[in-house]
Amino acid sequence: MTTNAVWAENTVEGRMDCSYTSQSQALKGIYAFKVEDLPIEYCTHIIYSHISFEESSMTIIPSNPEYDVGYNGWDKFIDLKKVNPNLKLLMRVERAADFIETAENRKDLIDAIVSFLTQHKFDGVTIPWLSSWMDGPEVDGLYEFFEELRRSFETAGHPTWEANLIVPIDDNSINSERICK
């Protein structure tokens with residue numbers, strides 16, 4: 001199953017991750033792909049792509065504000081749970097790696113993520129990581145970020161929220177046992 005808007009991967013037995021980009025809803029004709037077109041009967045988790053963290057305002061910003069906010073794209077996405085209550089809906093957070101080196105930046109990013117998840121009723125986040133860009137202290141910051149993020153989920157009363165990391169398969173710089181604690 002491959003389209004311009006959905007990518008799926010069976011990552012864990014019984015789990016099917018699918019990805020949706022709000023940019024695809026603007027395509028014309030047979031290439032248009034809307035939230036309502038997602039195959040929720042096959043997906044256990046759907047990742048909405050994406051949001052970023054704006055350093056100057058210390059806030060989450062949508063990738064496609066016209067659709068995500070203006071046309072209630074996030075709300076339409078969350079409404080998929082009305083049809084499939086077991087569905088896990090995650091938000092992909094771009095540029096997170098830019099903000100994990102210091103404790104203060106990690107706290108600001110984590111606070112923004114928790115606020116976003118609470119306000120919009122997502123079930124967690126997915127963070128892409130390309131370690132070819134970083135090493136040393138940045139990787140240590142990644143471990144600290146995930147530990148702090150998980151603790152903040154529990155503190156916010158949402159211990160089942162997910163925090164997932166997307167890493168290239170040949171990346172050996174990440175200690176998967178440590179990140180998966």
Side chain proximity check, [X] to [Y], heavy atoms < 4.5 angstrom:
{"X": "F33", "Y": "L27", "value": "no"}
{"X": "N164", "Y": "V125", "value": "no"}
{"X": "I100", "Y": "N105", "value": "no"}
{"X": "W74", "Y": "F116", "value": "yes"}
{"X": "C43", "Y": "I40", "value": "no"}
{"X": "R92", "Y": "S19", "value": "no"}
{"X": "L142", "Y": "L165", "value": "yes"}
{"X": "V93", "Y": "T126", "value": "no"}

For [X] and [Y], which heavy atoms make the closest approach, and how far apart are they?
{"X": "A96", "Y": "I127", "result": "CB-CG2, 3.8 Å"}
{"X": "V114", "Y": "A156", "result": "CG1-CB, 3.9 Å"}
{"X": "D37", "Y": "A32", "result": "OD2-O, 4.2 Å"}

How far does [atom1] of [X] sit from [atom2] of [Y], to the nearest 0.5 angstrom?
{"X": "N84", "Y": "L38", "atom1": "CG", "atom2": "CG", "value": "11.5 Å"}
{"X": "Q25", "Y": "K76", "atom1": "CD", "atom2": "NZ", "value": "7.5 Å"}
{"X": "T118", "Y": "I113", "atom1": "OG1", "atom2": "CD1", "value": "11.5 Å"}
{"X": "W161", "Y": "R150", "atom1": "CH2", "atom2": "CZ", "value": "14.5 Å"}

Looking only at atom types and distance, does a side-chain atom of [X] sit under 3.5 Å from a main-chain N or O of [Y], one as donor and one as acceptor?
{"X": "T21", "Y": "S24", "answer": "no"}
{"X": "R95", "Y": "F53", "answer": "yes"}
{"X": "T44", "Y": "M16", "answer": "yes"}
{"X": "S115", "Y": "D111", "answer": "no"}

Determine whether R15 and K88 satisfy the following criterion, side-chain contact (heavy atoms from CB on, under 4.5 Å), listing intermediate values before the conclusion.
CA-CA 10 Å; R15 177 177 175 145; K88 297 292 182 189; over 6 Å; no
Compile the donor-acceptor pairs under 3.5 Å between side chains in residues 60-67 and protein atoms, sequence neighbours left out, one pair per line.
residue	atom	partner	partner atom	Å
S63	OG	H50	O	3.0
N64	ND2	S22	O	3.4

Summary of salt bridge (Lys or Arg N to Asp or Glu O under 4.0 Å) pairs that have at least one residue in residues 25-35, sequence neighbours excluded:
none
L117 vs D123, test: side-chain contact (heavy atoms from CB on, under 4.5 Å). Steps then yes/no.
CA-CA 7 Å; L117 295 178; D123 299 306; over 6 Å; no
E41, CD atom: more than 12 neighbouring heavy atoms under 6.0 Å:
yes
I166 reachable from L90 in the ILVMFWY side-chain graph, under 4.5 Å edges:
no
Using the six-membered ring wherever Trp is involved, compare the ring planes of Y20 and F77 and label them parallel, tilted or perpendicular (cut-offs 30° and 60°).
parallel
Classify the ring geometry of H120 against F122: parallel below 30°, tilted from 30° to 60°, perpendicular beyond 60°.
perpendicular
Under 3.5 Å side-chain donor-acceptor pair for E54 and S56:
yes
By side-chain contact (heavy atoms from CB on, under 4.5 Å), which residues pair with E148, not counting sequence neighbours?
R106, I110, E144, R151
Please step through side-chain contact (heavy atoms from CB on, under 4.5 Å) for the pair F153 and T160, ending with a clear verdict.
CA-CA 8 Å; F153 287 177; T160 61; over 6 Å; no
Lys/Arg-Asp/Glu bridge criterion (N-O < 4.0 Å) met for K81, D79
no
Does the pair F145 and L109 meet the rule for a side-chain contact (heavy atoms from CB on, under 4.5 Å), with working shown?
CA-CA 9 Å; F145 171 73; L109 176 57; 3.6 Å; yes
